Amino acid sequence: MKKLINAVEDVVKEQLEGMATAHPDMLKVHFEPNYVTRADAPVQGKVALISGGGSGHEPMHGGFVGKGMLDAACPGEVFTSPTPDQMYEAAKAVDGGAGVLFLVKNYTGDVLNFETAAELAYGDGIKVQSILIDDDAAVKDSLYTAGRRGVGTTVLAEKIVGAAAEAGYDLEQCADLARKVNQNGRSIGIALTSCTVPAAGKPTFDLGEDEYEFGIGIHGEPGRERLPMASADEIGEKMALAILDDGPYTRTVREWDNESGDWVEKELTDPPFKSGDQVIAFVNSMGGTPVSELYAIYRKLAEICENKGVTIARNLIGPYITSLEMQGCSITLLKADDEILKFWDAPVVTPGLRWGA
Amino acid sequence: MKKLINAVEDVVKEQLEGMATAHPDMLKVHFEPNYVTRADAPVQGKVALISGGGSGHEPMHGGFVGKGMLDAACPGEVFTSPTPDQMYEAAKAVDGGAGVLFLVKNYTGDVLNFETAAELAYGDGIKVQSILIDDDAAVKDSLYTAGRRGVGTTVLAEKIVGAAAEAGYDLEQCADLARKVNQNGRSIGIALTSCTVPAAGKPTFDLGEDEYEFGIGIHGEPGRERLPMASADEIGEKMALAILDDGPYTRTVREWDNESGDWVEKELTDPPFKSGDQVIAFVNSMGGTPVSELYAIYRKLAEICENKGVTIARNLIGPYITSLEMQGCSITLLKADDEILKFWDAPVVTPGLRWGA
Amino acid sequence: MVTRDQIVHWLEATAVVMKENKEYLTQLDAAIGDADHGINMDRGFKKVMEKLPSVADKDIGNILKTTGMTLISSVGGASGPLYGTFFMRSGMALASKEELNDEDLFKMLKTGVEGIVQRGRAQLEDKTMFDAWSPALDAMQAALDNGQNTHDALKAAVDAAEQGMKNTIPLIARKGRASYLGERSRGHQDPGATSSYLMLNALLDTLENE
Amino acid sequence: MVTRDQIVHWLEATAVVMKENKEYLTQLDAAIGDADHGINMDRGFKKVMEKLPSVADKDIGNILKTTGMTLISSVGGASGPLYGTFFMRSGMALASKEELNDEDLFKMLKTGVEGIVQRGRAQLEDKTMFDAWSPALDAMQAALDNGQNTHDALKAAVDAAEQGMKNTIPLIARKGRASYLGERSRGHQDPGATSSYLMLNALLDTLENE
Ligand SMILES: Nc1ncnc2c1ncn2[C@@H]1O[C@H](COP(=O)(O)OP(=O)(O)O)[C@@H](O)[C@H]1O
Ligand SMILES: Nc1ncnc2c1ncn2[C@@H]1O[C@H](COP(=O)(O)OP(=O)(O)O)[C@@H](O)[C@H]1O
Ligand SMILES: [Mg+2]
Ligand SMILES: [Mg+2]
Ligand SMILES: [Mg+2]
Ligand SMILES: [Mg+2]
């Protein structure tokens with residue numbers, strides 16, 4: 001293992017220190033428990049958007065803290081869910097009276113820890129909502145698994161809902177928008193190499209020179225299938241079709257109800273993509289793949305979208321939700337209506353994503 | 001070799017096609033000869049800024065074409081200088097009557113090809129200036145080598161001079177500012193792994209698990225020395241000191257003279273850094289190193305700058321001048337006065353760098 | 001009667017057991033998860049050991065709740081909130097108790113496991129820690145109904161938990177990280193069921209030795 | 001007298017030689033550069049072969065200038081503008097010539113090499129292509145001064161170029177990419193000096209065979 005790190009147990013802390021030193025205009029970093037807040041938090045009267053998860057996916061989530069996006073991010077150890085005290089302290093720090101919305105990627109650990117945090121925050125009189133991101137089309141069913149994982153749509157949801165909160169949406173409206181974004185977004189990922197978790201010191205899996213993993217998550221876990229290495233066009237096409245040809249997806253999610261002070265279950269069904277849709281297309285590097293290669297994938301993706309009658313209205317291309325230094329990429333398509341596009345275009349000023357200001 | 005590419009001979013062309021499809025609002029791509037121009041080029045009355053060089057350093061240069069930065073970029077094959085017809089055609093396409101400024105990285109191939117292009121453009125009645133970027137502190141002397149290579153300062157110069165051109169600086173002023181930026185910027189790079197040139201199909205050099213290269217360029221070439229692998233703090237410190245403790249640097253550069261229609265030689269001496277300086281600090285990934293590790297380096301860099309009495313006024317952290325998928329990083333420090341900071345902060349809208357609009 | 005000291009000793013014994021089985025649990029997790037369960041449990045109970053002295057003279061409910069809070073804020077992952085909830089709930093059910101009778105002991109385990117289920121929504125044969133706890137509670141209930149004493153009822157529970165743990169081997173996981181492996185999760189023993197068995201066994205050991 | 005056809009045949013012969021030595025030149029460049037000199041030269045002269053038919057009936061100056069322009073826009077790297085300038089300058093010096101006398105031939109080479117020097121500012125023993133050209137021009141001048149004929153003067157030039165090329169081996173590079181290697185550039189023959197020798201030798205071969 002070769003990385004620019006000091007002791008493996010200090011990796012997360014020192015990266016946070018680096019961020020704090022680099023971006024005092026945008027964010028503040030808090031330690032024990034670890035969380036990152038907007039420099040100007042709490043913003044009175046604004047819904048506060050909080051996300052978090054294991055580290056190793058940088059710039060997500062800490063790099064998305066700032067005006068127009070997240071109010072707080074809670075980083076766990078590398079690939080390990082954060083603990084509820086982090087989200088709880090973050091919620092107290094950023095709540096501006098309008099409540100906090102948790103954006104939670106669907107991994108059992110993240111879900112359970114965020115749920116505990118929601119209960120703690122509610123107990124303190126903070127209005128809470130919690131929306132699950134579960135967009136990974138590589139996971140087929142929800143009945144026999146923990147459901148689709150939360151991947152690329154998370155980045156888009158953080159941007160879009162962050163802008164809505166900035167624009168004055170209330171907690172209910174932010175939650176509805178987040179749910180809508182999640183239900184309209186789907187992703188698929190591939191890996192050309194494994195990544196190495198610093199504490200583990202060796203690659204998570206072995207992958208031959210002539211094969212790649214299709215349908216990976218974002219924790220260096222193996223994917224849906226291992227395939228012979230192929231060209232950018234073949235890989236791009238297989239990825240695009242895994243999203244565009246994916247059928248409806250139904251599952252039950254648990255959301256917090258501020259009235260009853262308890263969790264309620266909702267059955268949600270995501271519609272498949274169809275001709276005539278307009279989308280935000282997000283081609284993401286897993287960390288070790290340079291942006292030049294992403295353009296080769298984007299080229300094919302755009303061609304296939306056009307053939308399917310799907311219009312790419314906006315795009316995002318680069319490393320935004322990564323798996324350490326893994327080589328590979330993911331594609332996310334988000335069906336976008338005017339509301340979504342308006343908030344996508346709105347200004348954002350974070351270390352990881354910035355435009356309009 | 002595993003990359004998201006199709007045929008190796010189409011790599012550059014297809015990446016450019018992907019860029020063209022992705023960013024029609026910002027840029028246009030032209031083929032045979034290959035060059036990228038601002039979507040709204042030529043901008044009448046504005047000095048046009050043109051750069052270029054081998055491909056494989058993405059997002060530089062094509063990703064820096066757009067409002068507030070480059071008017072045109074000329075990509076060669078991977079790690080191969082572009083040919084003069086590219087720069088010549090680009091100059092004709094973007095000249096808005098105020099002349100064109102070439103920003104040239106100091107590699108013999110780039111220098112000679114840009115010189116030929118400058119002569120051709122001048123022959124066509126276009127006012128031309130050409131400024132060399134030679135900022136690589138890993139190269140010690142200029143007497144017995146082709147001089148310091150052009151590395152990280154290029155990105156900063158493209159941003160700053162691009163903003164100045166946008167603000168109405170004339171050709172002479174733009175050239176003076178570019179020269180000033182170059183003389184005040186220094187860089188040093190390291191590699192943890194080699195990269196693989198697609199056409200070569202195998203890594204350019206071998207590097208053991210327990211060593212790293214110090215003082216690399218940006219073409220996957222070996223560096224000044226090969227050292228035992230070390231911690232982020234040790235590597236960061238050695239890099240920072242290689243820049244901060246570097247003495248004055250003198251060399252002769254060749255610049256175009258529009259009066260005489262010929263090249264004139266100038267002897268330039270760059271001053272070393274000193275306590276009291278304020279700088280723009282740029283920590284760059286060579287492609288395969290994730291931004292999280294860059295923060296570990298930035299953390300150390302900030303500490304050392306503080307100890308040396310050097311104030312970091314602005315920073316840029318991420319993959320901006322890369323060597324394909326190489327793991328490693330570079331540090332650039334640019335001594336910044338008010339003029340430089342003003343243009344650094346000015347709006348920029350390119351695929352690779354964006355703020356303020 | 002189970003004393004406050006015995007509860008403290010149980011937690012101490014659990015910490016020792018998690019340390020001893022750190023590698024083993026992590027290996028089990030490597031096969032069908034992300035190779036951290038032993039590390040997580042060891043980290044959590046180390047923290048519990050740091051916290052314990054400050055509450056060791058408080059009532060049992062307080063001790064258990066502190067254990068729960070500590071696990072929640074130090075374990076992370078799926079198992080952190082689950083074990084955390086286990087101790088929080090059992091602590092709440094035994095608020096201000098200074099010692100536990102047979103019924104209390106059963107209540108402690110039962111309310112704890114109810115917490116796990118409420119949080120994790122696991123069902124039998126989902127290949128989770130619940131597959132150890134569920135038969136354990138059934139066996140303990142039956143033994144108590146049969147008039148057996150604490151020790152024997154607990155012994156029955158531990159045996160059932162061990163069997164339940166082993167029964168996870170052929171199962172396909174339907175909850176947690178392992179569920180993504182589908183068929184490939186078959187043939188491996190669930191790490192959480194294993195740590196649950198170890199925890200319950202540590203309780204039996206503690207009571208036997210005192 | 002050297003005819004237009006002979007010049008065309010020389011360029012054709014050079015294209016063949018560059019193709020045959022593509023690997024060899026690239027290997028030389030791999031040792032002290034970036035392993036592309038053979039690829040660059042082969043690509044450039046392939047392009048020249050495509051362009052040649054359209055100008056083969058024009059005057060020699062025109063043919064040489066077209067060759068220069070083609071090399072400039074297809075070779076890239078350091079050698080592209082250098083060889084390109086060589087042919088551009090020699091073409092300009094021989095504008096509208098239909099055939100060349102001894103003096104013209106020498107002028108062609110001399111003005112070409114002056115172009116290389118003006119562009120690349122190489123000095124003797126910088127370990128570049130100039131280290132092949134410089135002794136070649138000296139030898140040819142001396143031979144012509146001695147009253148030798150074209151063939152013999154050119155033969156002397158080729159021999160001197162070969163020697164000059166070999167003499168680059170012990171040198172430390174001070175120009176181009178190889179200069180960054182410092183001491184480590186010693187012990188390797190310069191690729192550009194090698195391609196220059198090959199090009200000059202192709203001229204001799206062409207004139208001998210016709
Ligand atoms: N929904 C659930 N209900 C009960 N137990 C669960 C659930 N999901 C996972 N587990 C348990 O958690 C264990 C894994 O814990 P751990 O490895 O510490 O967390 P993570 O999977 O987040 O890395 C599994 O072996 C399983 O027993
Ligand atoms: N300044 C210079 N003057 C003359 N020849 C040079 C100069 N710099 C480099 N060369 C020649 O160019 C050759 C390398 O050419 P090539 O490999 O095609 O270009 P690059 O170095 O850009 O890859 C060297 O072997 C050397 O002979
Ligand atoms: Mg080259
Ligand atoms: Mg685990
Ligand atoms: Mg885990
Ligand atoms: Mg070369």
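Letters A, B, ... mirror the listed sequences (proteins, then strands); counts begin at 1. Please read all numbers here as calculations on a predicted model, not as lab measurements.
- If you measure heavy-atom distances from A/Q327 to chain B, the contacts under 4.5 Å come from the side chain alone.
- Contact of B/P351 with chain A is made through the side chain alone, with heavy-atom distances under 4.5 Å.
- In this structure, chain A has a heavy atom under 4.5 Å from the side chain of B/N315, while its backbone stays farther away.
- Comparing A/G63, A/A7, A/A296, A/A22 by heavy-atom pairs within less than 4.5 Å of chain B, the highest count is held by A/A22.
- The parts of B/T21 that come within reach of chain A are both its backbone and its side chain, each placing non-hydrogen atoms under 4.5 angstrom from that chain.
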| What's the verdict on side chain to side chain contact (heavy atoms under 4.5 Å, CB included) for A/F79 and A/S323, showing C-alpha distance, side-chain angles and the deciding distance? | CA-CA 9 Å; A/F79 295 167; A/S323 294; 4.2 Å; yes
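- The choice from B/A302, B/S292, B/P290, B/G288 that makes the most heavy-atom pairs within less than 4.5 Å of chain A is B/S292.
- Rounding to the nearest 0.5 angstrom, the gap separating the CD1 atom in A/I321 from the OG atom in A/S187 is 7.5 Å.
- One distance of note links NE2 of A/H61 with OG of A/S51; it measures 4.0 Å at 0.5 Å rounding.
- Highest contact tally toward chain A, considering only B/H57, B/E58, B/M326, B/E14, is held by B/E14 [criterion: heavy-atom pairs under 4.5 Å].
- Within the 4.5 angstrom heavy-atom criterion, only side-chain atoms of B/I297, from C-beta onward, approach chain A.
- Contacts of B/I190 with chain A are made by side-chain atoms alone, with heavy-atom separations under 4.5 Å and no backbone atom involved.
- Ranked by heavy-atom pairs under 4.5 Å with chain A, the list B/S231, B/G56, B/A230 is led by B/S231.
- For a heavy-atom cut-off of 4.5 Å, chain A lies close to B/L207, B/G208, B/E209, B/E211 in residues 203-216 of chain B.
- Between chain A and the residues B/M1, B/E293, B/K3, the largest count of heavy-atom pairs under 4.5 Å involves B/E293.
- Here CG of A/L333 is found 10.0 Å from CE of A/M239. Values are rounded to the nearest 0.5 Å.
- Most heavy-atom pairs under 4.5 Å with chain B, from the set A/V291, A/D233, A/L301: that is A/D233.
- Between atom CG of residue A/L156 and atom CG of residue A/L316 there is a gap of 7.0 Å, rounded to the nearest 0.5 Å.
- Residue with the most contacts toward chain B among A/E234, A/R314, A/K2: A/K2 (heavy-atom pairs, distance under 4.5 Å).
- By the 4.5 Å heavy-atom criterion applied to side chains, A/L341 and A/Q278 are counted as neighbours.
- For B/A357, the part lying near chain A is the backbone, with the side chain staying farther off; criterion is any non-hydrogen pair under 4.5 Å.
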| field | ring pair (Phe, Tyr, Trp, His ring centres under 6.0 Å) assessment of B/H23 paired with A/Y298 | value | CA-CA 11 Å; B/H23 310 297; A/Y298 184 82; 7.5 Å; no
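- The closest side-chain heavy-atom distance from B/E17 to B/F31 is below 4.5 Å.
- Residue-environment remark: NZ (B/K67) stays at or below the threshold of 12 foreign heavy atoms within 6.0 Å.
- Of the two parts of B/M19, the backbone and the side chain both hold a non-hydrogen atom closer than 4.5 Å to a non-hydrogen atom of chain A.
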